[in-house]
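Input: a single structure, listed below in structure tokens.
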Amino acid sequence: MTDYDLTIIGGGSAGLVLAVAGAKLGKKTALIEKHRIGGDCLWTGCVPSKALLKVAKVANEIQHAEKYGFFREGEVFNRAPDFQQAMAYVRSTQQKIEEEHDNPERFRGMGVDVIFGSGHFMSPQRFVVNGAGENHAYRAGEANSGEMRTLTSKKFVISTGSRPAVPPIPGIENCDYLDSETVWELEELPKRLLVVGAGPIGVELGQAFHRLGAAVTIAQRGNRILTKEDADVSACLLNCLREEGITIRLNTQITRIDTHIASAAVERGPVPRHPQSSPENVVNVTFRDDKNNSTEQEFDKILIAAGRAPNVEGLGLEGLGVNVNKRGIEVNNKLQTRVKNIYAAGDVIGHYLFTHVAAYQAQLLLRNIFFPLSRTIDYSVVPWTTFCEPEVARCGLTEAEAREKYGDVDVFTLPQADVDRAVAEGETRGFTKVIASRWRGKILGVHLVGANAGEVLHEYVLAMQHGIPLHKLSGMMHVYPTFSSSVWRVAGKWFSESTPIQLFRKLISH
């Protein structure tokens with residue numbers, strides 16, 4: 001007799017969706033979590049970063065309030081936020097979500113057996129948990145201590161997530177660097193911050209800390225930021241960040257990091273708006289550009305945002321025959337490992353490292369585990385957003401990818417300055433770019449840069465999901481003035497700029 005019908009290892013987005021669904025279906029369900037319910041999204045990712053970005057946005061609006069008619073007779077507010085209060089706001093949002101949504105007792109009330117601790121597989125049906133207790137603050141490499149418990153289960157789902165990857169930079173082991181997990185423990189704002197990596201995490205946090213008062217430098221090995229985005233999107237956002245005063249070093253490698261004691265004689269660099277933070281140590285960084293020129297610069301803190309690594313260590317997967325590569329656990333198109341009763345979802349399988357994708361994978365797993373007629377995963381329509389300002393949102397292929405796959409395509413572009421609501425709110429940076437098939441107007445890719453881009457994107461996602469061609473969106477009534485009216489404007493371009501219309505005009509002109 002087995003203890004459980006379903007055992008989930010990891011209490012992040014995928015794990016929580018599965019745990020609730022399993023319990024509601026009347027299945028005996030266990031959820032094993034070594035740290036805190038909610039996963040990276042609640043504690044080190046989505047929630048704290050978006051809360052910090054909100055504080056940074058308010059700080060930026062205060063900085064530029066003159067254009068709205070404020071501060072003509074002196075400053076009403078302190079233009080630099082108190083960093084400790086800002087971080088307190090971030091933690092309050094996490095606390096609220098934990099209490100209302102991710103409280104272990106909430107899941108226990110639904111019938112889920114929530115078990116805290118780490119563990120490993122003894123066999124495909126047996127998992128040993130080293131109990132840690134609910135208040136145990138687990139960190140990578142830290143051993144748990146507590147009661148050992150062996151669980152048996154018909155099905156297992158591994159959703160242990162990922163962690164920040166550390167690049168092999170000489171001297172980094174002696175540097176008290178920050179990453180997307182430890183940055184939330186900061187109590188003082190660094191005066192000079194180096195962000196290593198210009199992906200979504202690096203761009204979001206780099207801009208946030210700049211707006212809070214730090215002098216921020218972002219170092220990127222490649223020749224553009226946000227390398228997974230369309231080239232036009234990367235170029236636009238690069239200009240926006242540089243216009244704000246963020247230093248961005250492209251085609252740059254870090255060849256050495258040295259830490260030494262700060263002194264009054266040390267050049268402290270640009271003076272930020274915020275007076276806090278007087279670190280005892282400074283970090284000397286050696287950069288090398290694509291022309292092999294070396295330069296040195298000092299910083300107070302380094303934030304590593306150079307990718308992530310899957311959490312697969314210590315699970316005993318190798319002994320079971322579960323394949324693991326550098327991206328994570330290998331699964332088939334039904335999210336099943338080579339061991340038939342063991343599945344995996346979320347960051348640990350390395351496909352798309354997004355909370356919403358993990359939840360989507362969990363929904364598919366629910367069907368495949370408990371219902372007949374299993375389905376395969378479909379990644380053809382995967383939306384995502386980088387929550388910098390202006391926001392960057394995407395779904396589908398870039399222009400280069402579309403041309404490589406389909407050859408000739410139609411591209412429709414609308415500047416954000418042509419959206420009346422954007423003009424009214426002074427949010428005119430950015431554009432909408434839609435790539436469509438030449439003859440039918442099938443939407444192949446959508447790329448948005450602008451205010452509320454992540455919200456506007458979903459109308460396109462729905463159209464792509466259900467095969468609605470671009471020109472049909474022009475027949476849908478949109479409220480005026482809204483940011484979403486840009487969809488109507490772009491869709492209308494099909495009737496003036498698409499290949500079929502251009503051909504028809506040539507035919508009737510003769």
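Both backbone and side-chain heavy atoms feed into the values below; hydrogens, waters and symmetry mates do not.
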Are side-chain heavy atoms of [X] and [Y] found at a separation under 4.5 Å?
| X | Y | answer |
| --- | --- | --- |
| L315 | H120 | no |
| F156 | N341 | yes |
| F387 | V392 | no |
| T386 | E391 | no |
| L151 | I32 | yes |
| T252 | R221 | no |
| I37 | F116 | yes |
| L53 | E204 | yes |

In Å, rounded to the nearest 0.5 Å, how long is the span from [atom1] of [X] to [atom2] of [Y]?
| X | Y | atom1 | atom2 | result |
| --- | --- | --- | --- | --- |
| S159 | L335 | OG | CG | 11.5 Å |
| C175 | I169 | SG | CD1 | 9.0 Å |
| S118 | E33 | OG | CD | 10.5 Å |
| L194 | R249 | CG | CZ | 9.0 Å |
| I302 | I257 | CD1 | CD1 | 4.0 Å |
| I172 | I304 | CD1 | CD1 | 3.5 Å |

When you measure from the side chain of [X] to the backbone N and O of [Y], does any donor-acceptor pair fall under 3.5 Å?
| X | Y | answer |
| --- | --- | --- |
| Y360 | D378 | yes |
| N311 | T160 | yes |
| R106 | R108 | no |
| S234 | L226 | yes |

Side-chain donor-acceptor pairs of residues 452-462 under 3.5 Å, sequence neighbours excluded:
residue: H458; atom: ND1; partner: G454; partner atom: O; Å: 3.0
residue: E459; atom: OE1; partner: H478; partner atom: NE2; Å: 3.2
residue: E459; atom: OE2; partner: H478; partner atom: NE2; Å: 2.7

For K228 and T398, work out which heavy atoms get closest and say how close.
-> O-CG2, 4.2 Å

Less than 4.0 Å between a side-chain N and a carboxylate O, is that true for [Y] and [X]?
| X | Y | result |
| --- | --- | --- |
| E401 | R394 | yes |
| R192 | D300 | yes |
| K28 | D5 | no |
| E188 | K301 | no |

Not counting sequence neighbours, which residues clear salt bridge (Lys or Arg N to Asp or Glu O under 4.0 Å) with [X]? List them please.
| X | result |
| --- | --- |
| R308 | D40 |
| K96 | E100 |
| E399 | R403, K433 |

Just jot down the side chain to side chain contact (heavy atoms under 4.5 Å, CB included) partners of [X], sequence neighbours excluded, or say none.
| X | value |
| --- | --- |
| T376 | N333, K334 |
| Q207 | R211, L241, E244, I246, C388, E389 |
| N251 | N223, D290 |

Show your reasoning for whether side chain to side chain contact (heavy atoms under 4.5 Å, CB included) applies to F209 and F83.
-> CA-CA 10 Å; F209 278 99; F83 186 72; 3.8 Å; yes

What residues, two or more places apart in sequence or in another chain, satisfy ring pair (Phe, Tyr, Trp, His ring centres under 6.0 Å) together with F354?
-> H356, W384

Can you list the residues that meet the ring pair (Phe, Tyr, Trp, His ring centres under 6.0 Å) rule with F127, with sequence neighbours excluded?
-> F121

N103 versus E98, side-chain donor and acceptor atoms under 3.5 Å | no

Residue pairs passing the side-chain hydrogen bond (donor to acceptor under 3.5 Å, both in side chains) test where at least one lies in residues 85-94, sequence neighbours excluded | none

Just distance, no hydrogens or angles: give the donor-acceptor pairs under 3.5 Å from side chains in residues 362-371, sequence neighbours left out.
residue: R367; atom: NE; partner: L373; partner atom: O; Å: 3.4
residue: N368; atom: OD1; partner: R375; partner atom: N; Å: 2.8
residue: N368; atom: ND2; partner: R375; partner atom: O; Å: 2.9

Residue pairs meeting ring-ring contact (aromatic ring centres under 6.0 Å, His included), one or both in residues 300-351, sequence neighbours left out, come to H351-Y379

